[in-house]
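Okay, so here's the structure we're looking at.
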Amino acid sequence: MYASGKYSTRGPALIPRMKTKHRIYYITLFSVVLLGLIATGMFQFWPHSIESTADWTLDKRSVHDAPLNHLPVSSPIPERGDLSCRMHTCFDVYRCGYNPKNRIKVYIYPLQRFVDELGVPISSIGLSREYNDLLSAISASDFYTDDVTRACLFIPSIDVLNQNSLRIRETAQALAILSRWDKGMNHLLFNMLPGGPPDYNTALDVPRDRALLAGGGFSTWTYRQGYDVSIPVYSPLSADVELPERQPGASVVIPEEKLSEMYTILKSIPHRQVEEMQRQARWFWEAYFSSMKAIGLTTLQIINDRIYPYAARTYEQWNNPPVVKWTSVNSPLFLPLIPPRAPGFTAVVLTYDRVESLFRVITEISKVPSLAKLLVVWNNQNKSPPEESLWPKISVPLKVVRTKENKLSNRFFPYDEIETEAVLAIDDDIIMLTSDELQFGYEVWREFPDRLVGYPGRLHLWDHEMGKWKYESEWTNEVSMVLTGAAFYHKYFNYLYTYKMPGDIKNWVDAHMNCEDIAMNFLVANITGKAPIKVTPRKKFKCPECTAIDGLSLDQTHMVERSECINKFASVFGTMPLKVVEHRADPVLYKDDFPEKLKSFPNIGSL
């Protein structure tokens, strides 16, 4: 207590008082050391470079002020371009390294003027306004760095957008003498107008070693899959185009043989769908095509996704307009935008060991005109599939996929073998559906590609006494689900089911060996906000949950568990997405007193 009193009045008695001149000296020394530390810290974190250029701003950039670089005739020329280049062979991803933002850094070379020994420029236009806009947009983006040592990707300031303005040999020589060229490794060139007489090649004729090419004229012969980037050809005239809020364009693909029906087809498109297509087209234009800035930054984002695939944009982020993301429901019109690689549908049959029934199903499905491929998912790890010679002989490709585990979710895996947009999921015991019924179901799906289109209909009900949802399989006037034991859907939903299913629903399904069809109904309804479509009047199906009226015993435990599934899934989704409807789809002349031979689908089962 007494010591405390001493410290408060005079300070520590053991420390002698410092003379004034010494105190000033030490204060000055401390200040110098402190300023040195601050300067060192700022130098460490402040953007700097060894081989840097001024920021790419319009007021600082001038072709006339750029240094002049003479190219000797003997200057080296890069190789033509390696068509075998891929990201793992011609691109050094280790240069990009790890960074918290998972974003590549792009360096733009200082502006230079290149001339030959006679003083003739390598380009007739120098730096075009379009390339200037492109470089300006990149320099203002988060991709840009003026520190060449931090760069992952290098962009020359040499404008090769229009090959017709270039001297091919001299332009190649200018590229080869760039300080970081290294045979074009990690370099990106932008070209929109390739080729010239007499060949008019579809890719830039300038020899470029291993450099990536963002090109606007690729063919399947010149485009290096997963390496080059295909970009649109920009027109300066488009800068003056102002799209109205409800623009007249949308894309509708009509086969040549149906051109005579064009008016009828166009008139059949619902007005709401036309508006959605217009909004989608407008968003694509503004996001990816409308300016050199949009084209340039989209190109860099594509390359960024290749280098950091674990942080890449999702399909939805690339294709969904913000106006769609703000709503609680994503319109599936924006999902199947990738053109189908094959017409018709792929039938996916999940099977275990019911070989005889499986072969009957294959035989019946093979009669459907629009069947493109048949994929059998063999879910039995303890037994091999039958020998190839024993399988039914059909006119379309038949592929057998063996799974590693016996899971119901295997039926919804996005197999590479599925090349069509349309998928028919069907069990190995659904042998009663006729080819007319299946073909009609596919035609209905083509008109409603965002829906589940199926045959067995089911319903969910709210049990007021129990205070929870109930699964109902009895015949009623309403439908909220179609069983995927026989249903058409878009293959994109396989991707969502496998990789985007909320919570632990997929694990629940695999653990209980039940309810994968209910899970798919929940998923599609939640994405689209729409009910499924039941087609044809048929209600009798050979399936695990048919009633006693159908000649099969009803497993009450099975039904109770399916009710539990509905409540479980509603809890995970945080809502009840299923929608109830009171209609189904039948062929137009199904009930009409009309000659059968004139009906498109005469063989439609009654029940």
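Small disclaimer: the values here were computed from a predicted structure and weren't measured. Because only heavy atoms are used, hydrogens play no part in the values below, and waters and symmetry mates are left out as well, while side chains stay in.
- Across every non-hydrogen atom of Leu111 and Ser157, the tightest pair is CA-OG, 3.5 Å.
- Thr346 contributes no side-chain N or O that, together with a main-chain N or O of Ala372, makes up a donor-acceptor pair within less than 3.5 Å.
- For Thr575 (side chain) and Pro577 (main-chain N/O), no donor-acceptor pair under 3.5 Å exists by modelled atom type.
- Counting heavy-atom neighbours within 6.0 Å of Arg446 CZ, excluding the residue itself, gives a total of 12 or less.
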TODO: Under the side-chain contact (heavy atoms from CB on, under 4.5 Å) rule, what do Met192 and Tyr234 come out as? Steps first, then yes or no, please.
DONE: CA-CA 7 Å; Met192 291 184 174; Tyr234 175 78; 3.7 Å; yes
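- Electrostatic pairing of Arg210 and Asp182 does not count as a salt bridge here, judged by no charged N lying under 4.0 Å from a carboxylate O.
- When only modelled atom types and interatomic distance are considered, Ser370 and Gln439 share a side-chain donor-acceptor pair under 3.5 Å.
- Here the closest heavy-atom approach between residue Ser165 and residue Asn162 is recorded as OG-O, 2.8 Å.
- Rounded to the nearest 0.5 Å, atoms NE2 (His187) and OH (Tyr107) are 9.5 Å apart.
- Ion pair Asp116/Arg167 flagged as a salt bridge, since at least one NZ, NE, NH1 or NH2 atom sits closer than 4.0 Å to an Asp/Glu carboxylate oxygen.
- Remark: side-chain polar atoms of Ser291 are paired, donor with acceptor, to backbone N or O of Ala294 under 3.5 angstrom.
- With hydrogens and angles ignored, the 3.5 Å screen pairs no side-chain donor or acceptor of Asn201 with any backbone N or O of Gly195.
- Phe190 and Gly296 make their closest contact through CE2-CA, 4.2 Å (heavy atoms, listed as atom of the first residue, atom of the second, distance).
- Between Asp133 and Lys293, none of the side-chain N atoms (NZ, or NE/NH1/NH2) sits under 4.0 Å from a carboxylate O, so this pair counts as no salt bridge.
- Phe573 has its ring centre less than 6.0 Å from the ring centre of Phe522.
- You'll find the side chain of Ile295 stays beyond 4.5 Å of the side chain of Phe289, heavy atoms only.
- Ile104 CD1 to Arg95 CZ: the interatomic distance, rounded to the nearest 0.5 Å, is 12.5 Å.
- Inter-residue side-chain proximity for Val160 and Leu204 is flagged as met; some heavy-atom pair is nearer than 4.5 Å.
- Aromatic pair Tyr495/Tyr499: centroids less than 6.0 angstrom apart.
- Checked against the 6.0 Å centroid threshold, Phe91 and Tyr227 do not count as a close aromatic pair.
- Here the side chains of Gln301 and Gln317 are not in contact, with every heavy-atom distance at 4.5 Å or above.
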request  = Check the pair Phe143 / Leu300 against side-chain contact (heavy atoms from CB on, under 4.5 Å), numbers first and verdict last.
outcome  = CA-CA 8 Å; Phe143 292 108; Leu300 295 184; 3.8 Å; yes
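- The backbone N or O of Tyr223 sits nowhere less than 3.5 Å from a side-chain atom of Asp228 that would complete a donor-acceptor pair.
- With hydrogens and angles ignored, the 3.5 Å screen pairs no side-chain donor or acceptor of Arg411 with any backbone N or O of Ala425.
- The distance from the CD atom of Glu419 to the CG atom of Leu375 is 11.0 Å, given to the nearest 0.5 Å.
- A side-chain donor-acceptor contact under 3.5 Å links Arg224 to the backbone of Asp82.
- When all heavy atoms of Pro194 and Gly217 are compared, the closest pair comes out as CG-CA, 4.1 Å.
- In this structure a side-chain-to-backbone donor-acceptor pair under 3.5 Å is missing from Glu117 to Leu71.
- Looking at heavy atoms from C-beta onward, Val444 lies in side-chain contact with Ile533 at the 4.5 angstrom threshold.
- Between Tyr489 and Val524, every side-chain heavy-atom pair lies at or beyond the 4.5 Å cut-off.
- In plain terms, the two heavy atoms of Thr202 and Ser219 that are nearest each other are OG1-OG, 3.1 Å.
- For Gln163 (side chain) and Asp205 (main-chain N/O), a donor-acceptor pair under 3.5 Å exists by modelled atom type.
- Heavy-atom minimum distance, Val229 versus Phe218: O-CE1, 3.5 Å.
- Side-chain contact between Ile303 and Leu212: present, with at least one pair of heavy atoms (C-beta onward) separated by less than 4.5 Å.
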Query - Step-by-step side-chain contact (heavy atoms from CB on, under 4.5 Å) determination, Trp445 to Asp450 - result: CA-CA 8 Å; Trp445 177 87; Asp450 55 341; over 6 Å; no
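- Taking CE from Met292 and CD1 from Ile231, the interatomic distance works out to 6.5 Å, rounded to the nearest 0.5 Å.
- Proximity of Val106 to Cys152: side-chain heavy atoms (C-beta onward) are nowhere separated by under 4.5 Å.
- In this structure, Glu417 does not pair ionically with Lys373, as no charged nitrogen and carboxylate oxygen lie closer than 4.0 Å.
- A distance of 11.5 Å separates CG in Leu297 from OH in Tyr288, rounded to the nearest 0.5 Å.
- At a threshold of 4.5 Å between non-hydrogen side-chain atoms, the residues Leu178 and Phe154 do not count as touching.
- With rounding to the nearest 0.5 Å, the separation of OG1 in Thr484 from CG in Asn521 is 7.0 Å.
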Please lay out, stage by stage, how Val115 and Ile122 fare under the test side-chain contact (heavy atoms from CB on, under 4.5 Å). CA-CA 6 Å; Val115 297; Ile122 65 173; over 6 Å; no
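- Formation of a donor-acceptor pair under 3.5 Å by the Thr498 side chain with backbone atoms of Asn494 is found in this model.
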